Amino acid sequence: GDDVLGAVAVVDVEIHQQRFLTHRAVGIGNLVEMAHPAGGLAQGGIGRVAKRLGEAKLARFGFVSMAIGYALLALTFGVPMLLVATGIGALGGAVTRPAVTTLLTTSVDPTEHGEALGVSQSLTSLAQVLGPLCAGLLLRAGHVRGWALLAGASALLGLVFGRTAKTAG
């Protein structure tokens, strides 16, 4: 999600900074973190948008936004594009999480909410471990853009699986 996006973006920018950017890595990290308020603002108004569009459309928008943000990160060599990419990715993550949680809880019997949410959180935790691990391995192997492309592909997988999942509404 957006936490991994921000953390990995900082690592990627530090690597790119050595070759292409003249800004200090700490300054770039601070700029990346400024994109996260976009996600927070999106979550604040998400209820009204969800009522208008529906949770399924909102989740699809979020997955696509994350994929676009990661794809743009793979092409980023400058601060302006970095801010655009992380902002789009953070917005996608902020929109996707509540929409998917709502879809999940409305697709199971109320007596199964705890189990469904537990499995969901376990999968989220697993992704938060595997994402940076895979990114680190790709960076170590010299695939500077590979981690972002893999993350974007993962977001698209969420979109594909979400379209095939049983949902109510």
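In this text the structure is predicted, and so the values were computed from the model without any measurement.
Hydrophobic clustering places V100 together with L156 (ILVMFWY residues linked when any side-chain heavy atoms are closer than 4.5 Å, directly or through intermediates). L73 is connected to L150 through a chain of hydrophobic side-chain contacts under 4.5 Å among Ile, Leu, Val, Met, Phe, Trp and Tyr, so both are in one cluster.
Listed here is the closest heavy atom pair of A155 and M66: CB-CB, 3.9 Å. Nearest heavy atom pair, residue A59 against residue L103, reads CB-CD1, 4.0 Å. Closest non-hydrogen pair, T96 versus F63, comes out as OG1-N, 3.3 Å. The minimum heavy-atom distance linking G152 with A67 is given by the pair O-CB, 3.6 Å. The shortest heavy-atom contact between P132 and A127 is CD-O, 4.0 Å. Annotation for A74 and L149: closest pair CB-CD2, 3.7 Å, computed over non-hydrogen atoms.
The distance from the SG atom of C134 to the NE2 atom of H143 is 12.5 Å, given to the nearest 0.5 Å. The NE2 atom of H113 sits 7.5 Å away from atom OG1 of T106, with the distance rounded to the nearest 0.5 Å. Between the CG atom in L138 and the CZ atom in R140 there is a gap of 11.5 Å [rounded to 0.5 Å].
Residues forming a side-chain hydrogen bond (donor to acceptor under 3.5 Å, both in side chains) with T111 (at least two apart in sequence, or on another chain): D109. Annotation: side-chain contact (heavy atoms from CB on, under 4.5 Å) contacts of A151 (sequence neighbours excluded): Y70. For I68, the side-chain contact (heavy atoms from CB on, under 4.5 Å) test picks out V64, L72, I88, with sequence neighbours left out.
The other members of the hydrophobic cluster of L126, by chain and number, are L130, L133, L137 (side-chain heavy atoms under 4.5 Å, ILVMFWY only). Hydrophobic clustering, defined by side-chain heavy atoms of Ile, Leu, Val, Met, Phe, Trp and Tyr closer than 4.5 Å, groups L104 together with L117. L123 belongs to a hydrophobic cluster whose remaining members, ordered by chain and number, are V119; membership requires side-chain heavy atoms of ILVMFWY residues under 4.5 Å apart, directly or through intermediates.
Annotation for E115: atom CD does not count as buried by contact number, only 12 or fewer foreign heavy atoms lying within 6.0 Å.
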